[in-house]
Amino acid sequence: MREPSATADLWRTVERLRGTYDIVRYRDLVLSLVYTRAQDQDGWSSILAAGRSKAAIPMTSIVDKLATGDTLPPIAFNMNAKIRTELVEFVDDAVRALGGAEAFQALLDRFATLEGQRGGEFYTPPSVVRILVDALNAEAPGDIYDPCCGSGEILLSAALRAPGLTVHGDALNAEALVLAKMNMTLHGVDARLGTQSIDVLSRPDQHSSSYPYIVANPPFGTRDWSRRDPELVKSWLYGPPPRRNAEFAWLQFVLERLAPGGRAAVVMPVGTLFRGGRERVIRQAMVAGGCIESVIALPSMLFYGTAIGTTIWVLRAAPNPRQDLLLVDATRLGQLSQRARRKLSEEDHQAIREVLADWRAGVTPAHKTLPTAVVTAEDLSGSDYDLTPSKYAIGEPAAAGTGDGRQGVETLLRELVRLHEQAAKADMTVDQVIGRAQIREFPIGELPPGWREVSLADLGELTSGPFIRASDDGTVGIVKPRNLEGGCISGTYDRIDEDTAGKLDNYRLAEGDIVCTRTGGIGRHALVTSAHQGWVCGTGLIRIRPREGADPRYLSDYLSSPSVRDWLIRHSAGSVLPSINTRVLGTLPVVLPPAEAQETIGRVLEAFSDKITAHDEIARTTAALRDVLFPLLTSGRVIPPSDVPK
């Protein structure tokens, strides 16, 4: 993919113009502007002409000057907003230099990098997309389907590879659906796209459609994806999956929709290869059923914001008479690039294509640099049906070239230098906070002047979320307990339609609200940001709306304290499934400093959070450096000094 000239300068401009925009809203705004610029050049020219003498252009003016119809995407546009003229000019420059399709794709990739792990929820990195498309080997004419298509990059790549494919896809939320539609339209691909809830996994299959080709990169680790025990809700092809994650529900969903003789390629976490319990039972049944054609173990650091390795399961629809399967260990492929990201070379992709082509031609693969193994159910029965390729794969491991190894080590060392500088600043801030803090003595039980202890109910309005039934075509998000992670709202969301949401205005979320669990994992909570403004508080949660005088950030930090967690545990009801209601939670004692002190405390705690984050990043990057050094040390290509301290 070609990128704009002076890409770094262009991207610095995008980041500089972001201002106070939430990253997700800013992503949607910039991509929507790129789309409208590409779709209506004449209308855009009039916007530029009218806006050159102004610092900002009203959104209403942009809409008025563009052609009506499908030009303007229904995403990110707040009609009361004003768009900086610099941003409009940047979009014009980027599209003129690259064209709309490539500018959109380049910025989509950049935003995914910036968002880190959250970016992986809507975008699959190009190296992984290419392996999926190669493994699927879809041919036109035919239909291809992605049940969780994100921004559509996998389907798009397959359609461009094999023109004439009929493209179908479903997104798991409305934002991703619009990104996918814009992406497809700009590339000239006619795609039939819709939305569906995660609940589709636990519903009896009511769809008659089946597809000869299916490709998917489902969200990993989705908990509580089924409201009831999966064993009770439907008949599963190979056995009911656990409720704690949805991976084997996705694999069986794909197989249910696969046409006879069809093929699928699905991204899965490494744990699916060896975890026990219900997942082991399902693996055994899938192996016995002959529906696994091959498993490809990918190297670490291919995905944004995470160093974990992943796998690709290549599936065949039953009946499939072939009972053996191919395991491919591609974990040593690729080179580390900037910021500890791994990219696969053309030779790496060619190696994977060759072993798959040999396998499908009936030839046992024996690639020199790509370890492989052909195994049967009998081979796997002695190892709990563990499908980890490195346990069985034979072949000459890919040699770690001196130059490649040095490049990877040097890249990670540079990243460590940057992280240590960042950590040093965080350390200095914390040291200054501790060193300059005043320690004042007060009699036990007393607070400083102006400080007081009040109940939580005095500081905010507490509301329990209602029971809400998600809809397949919904556009308004629901925040549920599973979406609270590390003080943030994230994950895969359920949706409801606008009419239903309109009847639930009393349960809408506003920026500055706090949502906390009222059953199960008591104590988990998150501060609502602008990204989830207008969403609905779901069942299992309590919404806290702070009143004037209570700083939301301070209150959220206060709820994170060990003493509050202990209080919540002691005051919750139920021994098996603890729960707490708004009346009891409202009695929680809260120490309330004056407003200025609340803000200062928030900054202090933020400094500690920055320090923790910096050192966590150092630990992850150091682990990656160790992994890169290991094959160099054990091959004799790197000789450590003999006086390493014991």
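All residue numbers in this chain count up from 1 along the given sequence.
Atom CD1 of residue Ile282 and atom CG of residue Leu237 lie 10.5 Å apart, to the nearest 0.5 angstrom. Leu273 contributes atom CG, which lies 10.5 Å from atom CE of Met268 (distance to the nearest 0.5 angstrom). The line from CG of Asp199 to CZ of Arg203 is 6.0 Å long, rounded to the nearest 0.5 Å. Going from atom CG of Leu33 over to atom CG of Leu87 covers 5.5 Å, rounded to the nearest 0.5 Å. To the nearest 0.5 angstrom, Leu31 atom CG is 4.5 Å from Phe104 atom CZ. To the nearest 0.5 angstrom, Leu155 atom CG is 10.0 Å from Asn183 atom CG.
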Go through the steps for Val215 and Val266 under the test side-chain contact (heavy atoms from CB on, under 4.5 Å), then give the verdict.
CA-CA 6 Å; Val215 65; Val266 185; over 6 Å; no
Please determine whether side-chain contact (heavy atoms from CB on, under 4.5 Å) holds for the pair Asn483 and Ile478, giving the CA-CA distance in whole Å, both sets of side-chain angles, and the decisive distance to 0.1 Å.
CA-CA 9 Å; Asn483 301 125; Ile478 308 169; over 6 Å; no
Check against side-chain contact (heavy atoms from CB on, under 4.5 Å), Ile144 and Leu136
CA-CA 10 Å; Ile144 184 171; Leu136 194 65; 3.6 Å; yes
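Heavy atoms only, all atoms of each residue included: Leu98 and Ala106 are closest at CD1-CB, 4.5 Å. Across Phe248 and Thr272, no two heavy atoms sit closer than the pair CZ-O, 3.4 Å. Taking both residues in full, the closest heavy atoms of Gly100 and Val34 are given as O-CG1, 3.9 Å, listed atom of the first, atom of the second, then distance. The two residues Gly164 and Ala140 make their nearest non-hydrogen contact at C-CB, 3.6 Å.
Inspection of the Thr124 and Asn217 side chains reveals an N or O donor paired with an N or O acceptor under 3.5 Å. No side-chain donor-acceptor contact under 3.5 Å links Tyr213 and Asn137. A side-chain donor from one of Glu354 and Gln350 sits under 3.5 Å from a side-chain acceptor of the other.
Counting heavy atoms from C-beta outward, Val267 and Phe220 have side chains that approach closer than 4.5 Å. In this structure, the side chains of Val30 and Leu107 come closer than 4.5 Å at one or more pairs of heavy atoms. Looking only at side-chain heavy atoms (C-beta outward), Leu165 and Pro141 stay at 4.5 Å or farther from each other. When side chains are defined from C-beta on, Asp170 does not count as touching Cys149, because their heavy atoms never get closer than 4.5 Å. Side-chain contact check for Leu327 versus Thr372: every heavy-atom pair is 4.5 Å or farther apart. The closest side-chain heavy-atom distance from Asp93 to Arg96 is below 4.5 Å. Here the side chains of Leu193 and Leu177 are in contact, with some heavy-atom distance below 4.5 Å.
Arg353 has a carboxylate O that lies under 4.0 Å from a charged side-chain N of Glu346, or vice versa, which qualifies the two as a salt bridge. One finds a salt bridge joining Glu256 and Lys234 here, because a Lys/Arg side-chain nitrogen approaches an Asp/Glu carboxylate oxygen to under 4.0 Å. Of the charged side-chain nitrogens involved, at least one lies within less than 4.0 Å of a carboxylate oxygen, so that Glu175 and Arg495 count as a salt-bridged pair. Asp348 and Lys343 are not joined by a salt bridge, as no carboxylate oxygen comes within less than 4.0 angstrom of a charged side-chain nitrogen.
No donor-acceptor pair closer than 3.5 Å links the side chain of Arg332 to the backbone N or O of Pro371. Judged purely by atom type and a 3.5 angstrom limit, Thr36 uses its side chain to pair as donor or acceptor with the backbone of Ser32.
The one candidate from Leu325, Ile292, Leu387 that meets the side chain to side chain contact (heavy atoms under 4.5 Å, CB included) condition with Met286 is Ile292.
Sequence neighbours left out, the pairs with a member in residues 167-200 that pass ring pair (Phe, Tyr, Trp, His ring centres under 6.0 Å) are His168-Tyr211.
Contacts of Arg275 classified as salt bridge (charged side-chain N to carboxylate O under 4.0 Å, His left out), with partners at least two apart in sequence or in another chain: Glu247, Glu279.
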